[in-house]
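Below: the structure, in structure tokens.
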Amino acid sequence: MIQITFPDDSKKKYKEGITIEEIAGDISPGLKKASVAGYVNDALYDLNRPIIEDATIQIITKNDKAAFEVLNHSTAHLLAQAVKRLYPDATFGVGPAIDEGFYYDINTESVIKEEDLEEIEKMMHRIAEEQTEMTRKELSKEAALNLFEDDKYKQELINDLPEDETISVYSQGEFTDLCRGGHIGYTHKIRHFKLLSIAGAYWRGDSDRDQLQRIYGTSWFTKKGLKKHLKVLEERKERDHRKLGKELKIFHLDKDAGQGLAIWLPNGYAVRKQLEDYVYKLEKKAGYKHISTPALGTKKLYEISGHWDHYRENMFPIMERDDETFVLRPMSCPHHMIVYRSELRSYRDLPIRYAEIVTQHRYEASGALSGLERVRAMTLTDAHLFVRKDQIKEEVLAAYNLILQAITDLKLEIEYVELALRDKDKGKFHDNDKLWDMAETTLKELLDEENIDYTPMTGEAAFYGPKIDIQVRTAMGHVITMSTVQLDFLLPERFDLTYIGSDGEKHRPVVIHRGLISTWERLMSILLEQYKGAFPTWLAPVQLKIIPVNLELHSDYAKKLNDQFIDEDFRSELDLREEKLGYKIRDAQTNKIPYQLVVGDNEIDANKVTYRKYGKKKQTTVSVDEFIAMVKQEIKDKT
Ligand code: TSB
Ligand code: ZN
């Protein structure tokens, strides 16, 4: 007999070899049904793995987060078994559970296509119905190497395991896989799943090694759960900025122009122009001065700043002309340091806030590029603030609040605030412990004092200092940085920046780097996704579309209105195409234009307009003056 201790510290004796499933059944039939796996002395155990010694256990049931992982990991095995039946030459890389499902990497001579997923899915259901048990076996390293003698990937994985590691394999029917475990015990417990997509993936993420085919899927405990998730995925696809950006003609990417080098189309540019005007005004009011600096700098400039040592792999290679060596700037900070250094500064001049809407270039790995979200040429709403030590907190906070103001005006949703810290063991950060401690402590204190909730993230800092990053969630479900405030004691030293204090002595200022609302590229990806492509009137590329009912009879009035609206600085357009009225109305809707004005006899006779707002059914007739006043107010209020 063995003694089992439960989470509430109660104890009970069972026969040796009892399983989580049997213990759950002993407590209640309901618990047996809900049980998925368990923790046995903190190790994850399959539902059906025998427990052979005294243990503290915790039963994992369907509602636990770990249960979803166990189910999805088990479903990955089921997928591999089905693939092996359909493609007998297949061998497998890794097949883990991930956030919202699972994947498995497959190597086969056949090219698996999106259309093939249905057949694989059918085979998975068939195997599930065979009701086989998923059993665990532990092996010596030698036996494991023998078992997988024809499988180079498993050989490599086994050889990489530490000598004293227990090697386990799992079998279900004819299929055996190397696996640490944590399974649901029986294939028929896997019922509500869907294969979602297939993509290329390198063995061990290394682009010099085999390219495998990765099948993604998701698996749920209930039909309803699966259905709900598929709906979320469908909505996400509709919201994906790459899809919307193309449909709404916001931006264009072309291999010949270069990967990650986005081209802004007229509609995209119109939005960007509004944002630029908005940021300029906002910063003016907050005491920023605007400057403009070149996209090229000497290599020496980035050697001084430290970018050359700590940021080089993100930079494009050097260019040489005459006896100068240049690089494309990856950031604007070095230039801004030079601007500060160009004059003698007194303590009375500080804080100095230099803002620049700055185009910069970064070498991002091609696999990391994604629409406008991560690009190689980007224009940042940037600023560098030069402050005295006694001004740090006030200025960081003011910069943070200005960011919140912009986010509120844009009606964007924040996921969370992150405090990005350095990782002491990594070489990519400058190595002055004293400066790091000072900068990190200052930001922590400030966030605590202001009761700002934050998630600390080790290793995510900039090489020159810690950052407060404002994170948003993309349509595809991952989290990216939008805005940032960064504290830097390093660059002032590197550039030997000084000001004359009230004591007549030289002192070092501190630099605050600030990204207001990211780069236009990333911001546009966020706006498209959060607005689902429907820009508020103040930002919409085209705000009004005027459609005459009859081209011959009503075009003159339509033109007169259009001129009047343009004089009011509205982005108004006429649709005088030889197309049916219904087609034009639908077209204005497809393009998500905020106001659609159809003009006919009634409007002309009464000198009025009839408008319909995007997404609404109702049509309203008002005088032209009333209409202009209403739209003006809406633009002003940014609603
Ligand atoms: C804020 N020197 C600072 C600046 O003064 C800086 O460059 N910080 S950064 O490296 O964090 O970048 C600022 C912002 O640019 C990020 O917060 C992010 O929103 C945006 N960004 C970074 N890389 C990319 C990229 N590859 N594509 C699009 N936007 C990016
Ligand atoms: Zn900077």
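Along the sequence shown, residues are numbered consecutively beginning with 1. Because the structure is predicted, anything quoted here is derived from the model rather than measured. Start at 1 and go down the list; that is how both ligands and their atoms are numbered.
A donor-acceptor pair is defined here as one N or O able to donate and one able to accept, closer than 3.5 Å; no such pair exists between the side chain of Arg353 and the backbone of Lys289. Listed for the Arg514 side chain is a donor-acceptor partner under 3.5 Å among the backbone atoms of Thr381.
His384 lies close to the Zn ion (ligand 2), since one of its N, O or S atoms is found at a distance under 2.8 Å.
Contact annotation: for Cys333 versus ligand 1, heavy atoms closer than 4.0 Å belong to the side chain alone. At a 4.0 Å heavy-atom cut-off, ligand 1 touches Leu380 through the side chain alone. Contacts with ligand 1 closer than 4.0 Å are made by side-chain heavy atoms of Tyr464 only, the backbone lying farther away. Under 4.0 Å from ligand 1, the heavy atoms of Met378 that appear belong solely to its side chain. Residue-level proximity to ligand 1 for Met482 is carried by the backbone, the only part with a heavy atom below 4.0 angstrom. Neither the backbone nor the side chain of Arg376 has any atom closer than 4.0 Å to an atom of ligand 1 (non-hydrogen atoms only).
Protein heavy atom nearest atom 4 (C) of ligand 1, with residue, atom name and distance: Asp382 OD1, 3.1 Å. The protein atom (non-hydrogen) at minimum distance from atom 26 (N) of ligand 1 is Glu364 OE2, 2.7 Å. Of all protein heavy atoms, the one closest to atom 22 (C) of ligand 1 is Arg362 NH1, 3.4 Å.
Relative to the six-membered ring of Tyr340, Arg345 meets both conditions, a distance below 6.0 Å and an angle of at most 45° to the axis.
Using cut-offs of 30° and 60° for the angle between ring planes, the Tyr302 and His307 rings count as perpendicular.
When distances from the Zn ion (ligand 2) to the N, O or S atoms of His513 are compared, ND1 comes out shortest.
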